[in-house]
There are 2 protein chains.
Amino acid sequence: MTVYTIKDISEMFHLPASTLRYYEDMNILTNIRRTASGQRIYEAKHVHRLRTICCLKRTGLSIAKLQAFFTYEEREPEHIDDILNLLTEQQQHITEQLIQFRKDLAHVNRKLHYYGDIKAALTSGKALPRWSNYRDKQF
Amino acid sequence: MTVYTIKDISEMFHLPASTLRYYEDMNILTNIRRTASGQRIYEAKHVHRLRTICCLKRTGLSIAKLQAFFTYEEREPEHIDDILNLLTEQQQHITEQLIQFRKDLAHVNRKLHYYGDIKAALTSGKALPRWSNYRDKQF
DNA sequence: TGTTGACTTCAAGTATACTTGAAGTGGTAT
DNA sequence: ATACCACTTCAAGTATACTTGAAGTCAACA
């Protein structure tokens with residue numbers, strides 16, 4: 001089994017070591033062995049766990065819900081429905097965010113074209129564009 | 001010109017009135033008129049501003065950067081490049097988040113299939129699935 | 001006329017997610 | 001040997017984004 005130091009994991013996930021210790025305190029990253037002198041020894045399961053933590057956190061899950069999720073995972077099968085409910089909610093949530101983000105990207109693109117044209121008009125001295133011509137466009 | 005009360009705006013954007021007052025304090029929602037008795041009068045420009053605030057906040061912009069953005073907008077044209085830089089960064093950021101969210105959705109979908117199959121195996125008494133069979137699948 | 005309800009201001013409080021500081025230990029370089 | 005550096009624990013501090021509470025004002029209805 002390959003093992004990792006806290007520095008390895010910190011670099012692998014672009015997370016400060018303090019955050020990894022914090023996740024451990026919060027019981028969302030568990031069963032981390034120590035060397036004789038007390039240094040953390042991470043294993044493949046922690047890498048997998050962290051991938052899930054990052055995935056769920058990024059998409060909006062709180063630490064509290066992560067605690068619940070991993071508690072369910074450890075006490076499966078009694079909590080299989082809790083797991084499925086949490087994952088289904090999250091799936092829904094990510095799907096909604098994807099739809100919203102596409103709209104938000106379109107909004108930013110419109111603004112970008114508008115202000116880009118304003119800059120062009122300013123440097124060329126031509127007439128300034130009007131926002132009403134950008135409002136409903138897709139770029 | 002159509003005008004709106006704080007309650008109208010609160011319902012329109014699903015934001016508590018306290019948050020609208022906070023945005024005003026933070027100077028990202030400005031020039032709000034008052035009635036003789038001091039009640040806020042919102043106009044179309046505030047609705048547009050709030051659409052932008054919600055779009056940028058949702059996609060990760062902080063209040064501090066929103067302050068900067070609207071300050072630039074008010075002092076255009078000196079800040080046209082600052083506006084374009086901020087919008088370009090945000091465009092990039094949303095694009096990256098879209099890519100990541102699609103991966104995160106795939107991850108959640110894999111977990112969902114895995115635990116769904118675990119539930120089926122538990123109720124039918126058949127052999128439990130192994131995660132290795134789900135790791136690289138697309139659902 | 002009074003009292004209810006919805007607004008107002010302003011200061012202080014809260015939730016979440018870390019981050020930092022102090023004090024200590026152990027392994028390695030000079 | 002000793003100095004240094006990276007790690008350790010544990011408690012306290014911080015950043016961000018609101019939220020809440022107290023005290024007051026106004027309009028409208030019984």
Side-chain angles (χ1 to χ4, degrees), chain A residues 3-43 46 49-71 86 90 93 97 104, chain B residues 3-43 46 49-71 86 90 93 97 104:
Chain A
V3 297
Y4 310 89
T5 66
I6 198 165
K7 207 189 170 192
D8 293 335
I9 299 290
S10 172
E11 285 169 8
M12 197 180 296
F13 287 93
H14 311 102
L15 291 173
S18 63
T19 301
L20 295 170
R21 285 190 277 260
Y22 170 71
Y23 287 169
E24 192 179 350
D25 282 355
M26 292 297 101
N27 284 305
I28 63 176
L29 202 49
T30 52
N31 302 313
I32 298 162
R33 289 190 292 136
R34 306 287 147 122
T35 63
S37 66
Q39 283 168 244
R40 288 166 175 78
I41 298 168
Y42 293 89
E43 300 163 47
H46 300 112
R49 171 68 62 97
L50 269 166
R51 272 203 258 277
T52 300
I53 292 171
C54 290
C55 161
L56 295 176
K57 257 198 53 62
R58 230 190 332 257
T59 55
L61 216 73
S62 65
I63 298 286
K65 289 217 169 172
L66 281 166
Q67 287 170 339
F69 181 70
F70 294 122
T71 306
L86 198 150
Q90 194 65 6
H93 187 226
Q97 283 185 94
D104 291 338
Chain B
V3 296
Y4 311 89
T5 66
I6 197 165
K7 207 188 171 192
D8 294 334
I9 300 289
S10 172
E11 286 168 6
M12 197 180 297
F13 287 93
H14 311 103
L15 291 174
S18 63
T19 301
L20 296 170
R21 285 189 275 259
Y22 170 70
Y23 287 170
E24 192 180 348
D25 281 357
M26 292 298 101
N27 284 306
I28 63 176
L29 201 50
T30 50
N31 302 312
I32 299 162
R33 287 190 292 136
R34 305 288 148 121
T35 62
S37 67
Q39 282 168 245
R40 286 166 176 79
I41 299 169
Y42 293 90
E43 300 162 47
H46 301 112
R49 171 69 61 100
L50 269 167
R51 272 203 259 278
T52 299
I53 291 171
C54 290
C55 161
L56 295 176
K57 258 197 55 62
R58 227 187 340 255
T59 54
L61 214 73
S62 66
I63 297 286
K65 289 217 171 174
L66 280 167
Q67 287 171 339
F69 182 69
F70 294 122
T71 304
L86 197 150
Q90 194 64 6
H93 187 229
Q97 282 185 94
D104 292 337

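Please read these numbers as outputs of a predicted model, since none were measured by experiment. All chains are named by letter (A, B, ...) in the order of the sequence lines, taking the proteins before the strands, and each is independently numbered beginning at 1.
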Peer 1: What's the spacing between Ile53(A) CD1 and Leu15(A) CG if we round to 0.5 Å?
Peer 2: 9.0 Å

Peer 1: Counting any heavy atom closer than 4.0 Å, what does Ser18(A) reach on the DNA or RNA strands: base, sugar-phosphate only, or nothing?
Peer 2: base

Peer 1: Rounding to a whole Å, what distance do you find between Met26(A):CE and dC18(C):C1'?
Peer 2: 10 Å

Peer 1: Please report the distance, rounded to the nearest Å, between CZ in Arg34(A) and P in dT8(D).
Peer 2: 7 Å

Peer 1: Send over the distance from Arg21(B) CZ to dA11(C) P, rounded to a whole Å.
Peer 2: 15 Å

Peer 1: Test side-chain hydrogen bond (donor to acceptor under 3.5 Å, both in side chains) on Gln97(A) and Thr59(A); report intermediate values, then the result.
Peer 2: CA-CA 8 Å; Gln97(A) 283 185 94; Thr59(A) 55; 5.5 Å; no

Peer 1: If you compare all heavy atoms of Arg49(A) against all heavy atoms of Ile28(A), which two are closest, and at what distance to 0.1 Å?
Peer 2: NH1-O, 3.0 Å

Peer 1: Specify the separation, in whole Å, of atom CD of Gln39(B) and atom C1' of dT9(C).
Peer 2: 13 Å

Peer 1: To the nearest 0.5 Å, what is the distance between CZ (Arg34(B)) and CD (Gln39(B))?
Peer 2: 10.0 Å

Peer 1: Output the residues of residues 54-67 of chain B in contact with DNA chain D, where contact means a heavy atom of the residue under 4.0 Å from an atom of the strand; sort by number or write none.
Peer 2: Lys57(B), Ser62(B), Ile63(B)

Peer 1: OP1 or OP2 of dT8(D) versus the side-chain N and O atoms of Arg40(A): is any pair under 4.0 Å?
Peer 2: yes

Peer 1: Pick the nucleotide of DNA chain C nearest each of Asp25(B) and Thr5(B); which residue has the one closer to the 5' end?
Peer 2: Thr5(B)

Peer 1: Rounded to whole Å, how long is the line connecting atom CD of Glu11(A) with atom C1' of dA6(D)?
Peer 2: 13 Å

Peer 1: May I have the distance from Ile32(B) (atom CD1) to dC7(C) (atom C1'), rounded to whole angstrom?
Peer 2: 14 Å

Peer 1: With no hydrogens and no angle check, is any side-chain donor or acceptor of Asp25(B) less than 3.5 Å from a backbone partner on Tyr22(B)?
Peer 2: no

Peer 1: When you check the phosphate oxygens OP1 and OP2 of dT16(D), does a side-chain N or O of Tyr22(B) lie under 4.0 Å from one of them?
Peer 2: no

Peer 1: Indicate whether OP1 or OP2 belonging to dA17(C) is found under 4.0 Å from a side-chain N or O atom of Tyr23(A).
Peer 2: no

Peer 1: Determine whether a donor-acceptor pair (N or O, by modelled atom type, separation under 3.5 Å) exists between the side chain of Gln67(A) and the backbone of Asn27(A).
Peer 2: no

Peer 1: Between His46(B) (side chain) and Val3(B) (backbone), is there a donor-acceptor pair under 3.5 Å?
Peer 2: no

Peer 1: How many Å lie between CD1 on Ile9(B) and P on dC7(C), as a whole number?
Peer 2: 13 Å

Peer 1: Does dC26(D) have OP1 or OP2 under 4.0 Å away from a side-chain N or O of Thr35(B)?
Peer 2: no

Peer 1: Between P on dC18(C) and NE2 on His14(A), what's the gap in Å once rounded to a whole number?
Peer 2: 16 Å

Peer 1: Is there a side-chain contact between Ser37(B) and the phosphate of dC7(C), meaning an N or O under 4.0 Å from OP1 or OP2?
Peer 2: no

